[in-house]
Amino acid sequence: MSDRTLRITAVVLAVLGVGIAGYLTYIHYAGIEPVCNIAHGCHKVQTSQYADLAGVPVAVLGLLGYVGILAALVVDGEFGRLAAAFFALVGFGFSAYLTYRELFTIDAICQWCIASAILMTALAIVCVWRLVSSADIRDTIAA
């Protein structure tokens with residue numbers, strides 16, 4: 001798969017992530033309940049002690065993460081690929097932690113959080129695939 005195709009795929013995934021994280025950020029600051037017609041646990045998750053990290057809403061952290069990935073995807077070359085892969089892997093790890101908390105601590109599922117975790121997982125796969133398949137990295141490893 002070409003770098004261009006992987007980059008476009010990652011941009012689409014990140015834009016979808018910005019939409020979800022932006023919605024959850026809006027919900028948080030508007031003080032309203034999210035639309036939650038599949039899992040019915042969104043309110044419980046969004047108001048749990050795990051919804052904030054050091055006073056910053058997790059939705060805002062997610063929004064910043066997706067915007068950071070988008071910014072890295074705009075940068076050409078090895079640095080842009082490396083930064084996108086780094087941000088996506090950090091986001092994947094944080095999403096895995098939050099999913100663990102939903103399942104085993106909060107005992108509720110938020111459909112928006114699961115959707116974001118799926119997007120971040122896909123982003124990590126695409127961004128790492130893009131990084132390791134680039135000619136720059138192969139040349140650096142071969143040298």
Side-chain angles (χ1 to χ4, degrees), residues 1-138 140-141:
M1 192 173 295
S2 73
D3 183 72
R4 183 175 186 274
T5 302
L6 290 170
R7 180 187 261 183
I8 290 170
T9 302
V11 166
V12 169
L13 292 169
V15 167
L16 291 172
V18 166
I20 290 173
Y23 172 70
L24 292 175
T25 299
Y26 168 75
I27 293 297
H28 176 84
Y29 286 110
I32 57 178
E33 290 190 26
V35 174
C36 193
N37 51 8
I38 296 174
H40 305 290
C42 297
H43 180 71
K44 187 175 180 182
V45 171
Q46 298 296 321
T47 56
S48 75
Q49 68 181 35
Y50 300 100
D52 291 338
L53 181 66
V56 179
V58 170
V60 172
L61 296 175
L63 185 60
L64 292 173
Y66 285 115
V67 169
I69 292 169
L70 273 175
L73 289 168
V74 172
V75 176
D76 287 326
E78 187 177 351
F79 179 75
R81 287 189 292 272
L82 184 62
F86 174 77
F87 289 136
L89 286 171
V90 170
F92 167 74
F94 193 59
S95 292
Y97 166 75
L98 292 174
T99 301
Y100 167 80
R101 289 296 180 194
E102 282 184 68
L103 293 173
F104 300 108
T105 306
I106 303 169
D107 219 16
I109 299 291
C110 169
Q111 67 193 32
W112 297 103
C113 304
I114 296 299
S116 179
I118 291 169
L119 287 173
M120 196 57 84
T121 301
L123 266 169
I125 292 168
V126 170
C127 290
V128 170
W129 184 357
R130 183 170 174 251
L131 176 66
V132 298
S133 66
S134 72
D136 295 343
I137 290 294
R138 286 193 307 259
T140 301
I141 293 172

Supply the atom-to-atom distance [X] [atom1] to [Y] [atom2], rounded to the nearest 0.5 angstrom.
{"X": "R130", "Y": "M1", "atom1": "CZ", "atom2": "CE", "answer": "13.0 Å"}
{"X": "T105", "Y": "Y50", "atom1": "OG1", "atom2": "OH", "answer": "4.5 Å"}
{"X": "T99", "Y": "F104", "atom1": "OG1", "atom2": "CZ", "answer": "10.5 Å"}
{"X": "L64", "Y": "F87", "atom1": "CG", "atom2": "CZ", "answer": "10.5 Å"}

**Request:** List in chain and number order the residues that pass side-chain contact (heavy atoms from CB on, under 4.5 Å) with A54, two or more places apart in sequence or in another chain; answer none if no residue qualifies.
**Result:** none
**Partner set under side-chain contact (heavy atoms from CB on, under 4.5 Å) for V56, not counting sequence neighbours** = V60, L61
**Residues forming a salt bridge (Lys or Arg N to Asp or Glu O under 4.0 Å) with R101, sequence neighbours excluded** = none
**Message:** Tell me every residue that passes salt bridge (Lys or Arg N to Asp or Glu O under 4.0 Å) with D52, counting only those two or more places apart in sequence or in another chain.
**Reply:** none
For residues 4-18, tabulate all N or O donor-acceptor pairs below 3.5 Å that involve a side-chain atom, not counting sequence neighbours.
{"from": "T5", "atom 1": "OG1", "to": "S2", "atom 2": "OG", "distance (Å)": "2.9"}
{"from": "R7", "atom 1": "NE", "to": "L73", "atom 2": "O", "distance (Å)": "3.1"}
{"from": "R7", "atom 1": "NH1", "to": "D76", "atom 2": "OD1", "distance (Å)": "3.1"}
{"from": "R7", "atom 1": "NH2", "to": "L73", "atom 2": "O", "distance (Å)": "3.4"}
{"from": "R7", "atom 1": "NH2", "to": "V75", "atom 2": "O", "distance (Å)": "3.3"}
{"from": "R7", "atom 1": "NH2", "to": "D76", "atom 2": "OD1", "distance (Å)": "2.8"}
{"from": "T9", "atom 1": "OG1", "to": "T5", "atom 2": "O", "distance (Å)": "2.8"}

Pairs in or reaching into [range]: which pass disulfide (SG to SG under 2.5 Å), with residues at least two apart or in two chains?
{"range": "residues 22-76", "value": "C36-C42"}
{"range": "residues 53-99", "value": "none"}
{"range": "residues 46-109", "value": "none"}
{"range": "residues 51-109", "value": "none"}

**Request:** Tell me, please, which residues at least two apart from D107 pass side chain to side chain donor-acceptor pair (under 3.5 Å).
**Result:** none
**Item:** Within 6.0 angstrom of F79 CZ, more than 12 heavy atoms from elsewhere
**Value:** no
**Message:** Using every non-hydrogen atom in the two residues, find where I109 and E102 come nearest and quote the distance to one decimal.
**Reply:** CA-OE1, 3.4 Å
When the side chains of residues 110-129 are checked against the rest of the protein, which donor-acceptor pairs come out under 3.5 Å, sequence neighbours left out?
{"from": "Q111", "atom 1": "OE1", "to": "N37", "atom 2": "N", "distance (Å)": "3.4"}
{"from": "Q111", "atom 1": "OE1", "to": "I38", "atom 2": "N", "distance (Å)": "2.9"}
{"from": "Q111", "atom 1": "NE2", "to": "V35", "atom 2": "O", "distance (Å)": "3.4"}
{"from": "W112", "atom 1": "NE1", "to": "V35", "atom 2": "O", "distance (Å)": "2.6"}
{"from": "S116", "atom 1": "OG", "to": "Y66", "atom 2": "OH", "distance (Å)": "2.8"}
{"from": "T121", "atom 1": "OG1", "to": "A117", "atom 2": "O", "distance (Å)": "2.8"}

**Request:** Give every residue pair that meets the side chain to side chain donor-acceptor pair (under 3.5 Å) criterion with at least one member in residues 10-24, sequence neighbours excluded.
**Result:** none
